[in-house]
Every structure is written in C-alpha cells, then in structure tokens.
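Only one structure is covered here, and it is reproduced in the block below.
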Amino acid sequence: QVQLAESGGGLVQAGGSLLLSCAASGRTFSSYAMGWFRQAPGKEREFVAAISWSGAITYSPDSVKGRFTISRDNGKNTVYLQMNSLKPEDTAVYYCAANSNGYGSRRSAEYEYWGQGTQVTVSS
C-alpha cells in the first residue's frame, strides 16, 4: 500500500514557475515508478510526466517537454515536478500516481495509487 500527498500548487502568472512535491508513505516507494497527471475542468485526465523507480528513465509529452521536469528522491520518498514557463493552458488539478511495474506508463489506468491532487492556476 502506498499513500500519496501532493503539495506546492497555487496561483502563478504566465511565465512563472512552481515546484510540486508528492510525498509517499511506505518503505517500498523506491520500487515504484511515479507519474504526474493533470485534469482541467471538463477535460480528461492527461499524462504530464513519468519517472522510473531509479530515476534513470523519464518521459513526458511534447506539450510540456522542455518546460516541466520530473525527479525523485528515494531517500525522502518524494517525487517532484518542476514547472517552468507556465501557460494558462497548464491550469488544472495535478495528481501524482504510483505504478508498481517500476518503469512507468503514459496510461493512467496502469497506476495503482493516486494522491488527492493539488490545484495549479496560471493567470494570463
């Protein structure tokens, strides 16, 4: 069992930055791949970034590539999402999720555990 708690969301102007954190409980955190997803009102949940259990493999869609960076600290049971050059279309609730296959996935259905989400609002 893994419990996840996101933090770091808020209101920021376009072009600004935010650092999201996701703290995980459980001693097996380091064996899980982690992902970030987002969901805007009226839209489907969207893949943002994923990182393998060791941190050696990361991937993200073109919509955030070069602006968002995912990282993890297994010693602190925490995964991060550094978001730079934010745009109004990045406004959404951001969720972190854990995937026991260790290598991650772009598909939300493959993640077993989810946090409650943190709101990110980017004003123009």
Side-chain angles (χ1 to χ4, degrees):
Q1 187 80 7
V2 176
Q3 293 184 324
L4 305 172
E6 303 93 337
S7 62
L11 174 63
V12 63
Q13 289 189 330
S17 298
L18 281 175
L19 175 64
L20 303 185
S21 299
C22 174
S25 66
R27 290 176 289 179
T28 59
F29 171 78
S30 60
S31 68
Y32 283 80
M34 299 298 295
W36 286 97
F37 291 78
R38 67 186 181 187
Q39 189 166 19
K43 296 188 176 181
E44 294 187 352
R45 192 164 293 189
E46 176 188 15
F47 170 68
V48 175
I51 188 167
S52 63
W53 66 274
S54 67
I57 302 170
T58 64
Y59 43 100
S60 58
D62 289 343
S63 59
V64 305
K65 198 164 292 184
R67 299 190 299 123
F68 292 8
T69 302
I70 187 171
S71 62
R72 68 189 296 162
D73 185 337
N74 287 341
K76 295 183 177 180
N77 279 14
T78 302
V79 63
Y80 305 97
L81 185 68
Q82 177 67 51
M83 305 188 295
N84 299 327
S85 303
L86 283 160
K87 305 175 181 180
E89 51 263 44
D90 295 319
T91 295
V93 177
Y94 283 70
Y95 300 88
C96 68
N99 180 331
S100 62
N101 78 11
Y103 294 96
S105 171
R106 300 174 186 270
R107 299 177 57 200
S108 60
E110 296 186 15
Y111 288 81
E112 295 100 320
Y113 303 104
W114 291 82
Q116 293 299 308
T118 185
Q119 176 70 48
V120 171
T121 303
V122 184
S123 63
S124 57

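- Looking only at side-chain heavy atoms (C-beta outward), Phe68 and Trp36 stay at 4.5 Å or farther from each other.
- Contact record, Cys22 with Met34: SG-CE, 4.3 Å, taken as the closest heavy-atom pair.
- Counting non-hydrogen atoms of other residues, nucleotides and ligands closer than 6.0 Å to NZ of Lys76 gives a total of 12 or fewer.
- Side chain of Ser25 to main chain of Gln3: a donor-acceptor pair is present (N/O by atom type, distance under 3.5 Å, no hydrogens or angles).
- Formation of a donor-acceptor pair under 3.5 Å by the Glu6 side chain with backbone atoms of Gln116 is found in this model.
- Proximity of Thr69 to Leu81: side-chain heavy atoms (C-beta onward) are nowhere separated by under 4.5 Å.
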Give the intermediate values and the outcome of side chain to side chain contact (heavy atoms under 4.5 Å, CB included) for residues Ser108 and Trp114.
CA-CA 10 Å; Ser108 60; Trp114 291 82; 3.8 Å; yes
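- Nearest approach of Tyr94 to Met83, heavy atoms of both residues: CE2-SD, 3.8 Å.
- Other members of the hydrophobic cluster containing Leu19, listed by chain and number, are Tyr80; membership follows side-chain contacts under 4.5 Å among ILVMFWY residues, whether direct or relayed.
- The minimum heavy-atom distance linking Leu4 with Ala97 is given by the pair CD1-CA, 3.7 Å.
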Go through the steps for Lys65 and Asp62 under the test salt bridge (Lys or Arg N to Asp or Glu O under 4.0 Å), then give the verdict.
CA-CA 5 Å; Lys65 198 164 292 184; Asp62 289 343; 3.8 Å; yes
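- Here the CG-CG distance, from Leu18 to Leu11, works out to 9.0 Å after rounding to the nearest 0.5 Å.
- Residue Leu20 holds its CG atom at 8.5 Å from CD of Gln82, rounded to the nearest 0.5 Å.
- Scanning both residues, Asn99 and Ser105, for their nearest heavy atoms gives ND2-CB, 3.8 Å.
- With Arg45 contributing its side chain and Gln39 its backbone, the two residues share no donor-acceptor pair below 3.5 Å.
- The aromatic rings of Tyr111 and Phe37 lie perpendicular to each other, with more than 60° between the two planes, well past the 30° mark.
- Using modelled atom types, one finds a donor on one side chain and an acceptor on the other under 3.5 Å when comparing Ser17 with Asn84.
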Please tabulate, for the side chains in residues 117-124, all donor-acceptor contacts under 3.5 angstrom to protein atoms that are two or more places apart in sequence or on a different chain.
{"from": "Thr118", "atom 1": "OG1", "to": "Gly9", "atom 2": "N", "distance (Å)": "3.2"}
{"from": "Gln119", "atom 1": "NE2", "to": "Ala92", "atom 2": "O", "distance (Å)": "3.4"}
{"from": "Gln119", "atom 1": "NE2", "to": "Thr121", "atom 2": "OG1", "distance (Å)": "3.3"}

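- Cluster membership check: Tyr95 does not share its hydrophobic cluster with Ile51, using side-chain heavy-atom separations under 4.5 Å among Ile, Leu, Val, Met, Phe, Trp and Tyr.
- Ala23 and Thr78 get closest at one heavy-atom pair: CA-OG1, 4.2 Å.
- Phe47 has its side chain out of reach of Arg107: every pair of non-hydrogen atoms, C-beta onward, lies at least 4.5 Å apart.
- Judged purely by atom type and a 3.5 angstrom limit, Asn74 uses its side chain to pair as donor or acceptor with the backbone of Trp53.
- Using modelled atom types, one side-chain atom of Glu112 and one backbone atom of Ser100 make a donor-acceptor pair closer than 3.5 Å.
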Given Tyr59 and Tyr103, is the side chain to side chain contact (heavy atoms under 4.5 Å, CB included) satisfied, shown in steps?
CA-CA 10 Å; Tyr59 43 100; Tyr103 294 96; 5.6 Å; no
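- Minimum interatomic distance between Val48 and Ser60 (heavy atoms only, all atoms of both residues): O-CB, 3.2 Å.
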Set out, in order, the CA-CA distance, both residues' side-chain angles and the distance that settles side chain to side chain contact (heavy atoms under 4.5 Å, CB included) for Arg67 and Asp90, then state yes or no.
CA-CA 11 Å; Arg67 299 190 299 123; Asp90 295 319; 2.7 Å; yes
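- Counting non-hydrogen atoms of neighbouring residues, nucleotides and ligands closer than 6.0 angstrom, the CD atom of Glu89 exceeds 12 such neighbours.
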What do the steps show when you test Phe29 against Arg72 for side chain to side chain contact (heavy atoms under 4.5 Å, CB included), and what is the final call?
CA-CA 10 Å; Phe29 171 78; Arg72 68 189 296 162; 3.4 Å; yes
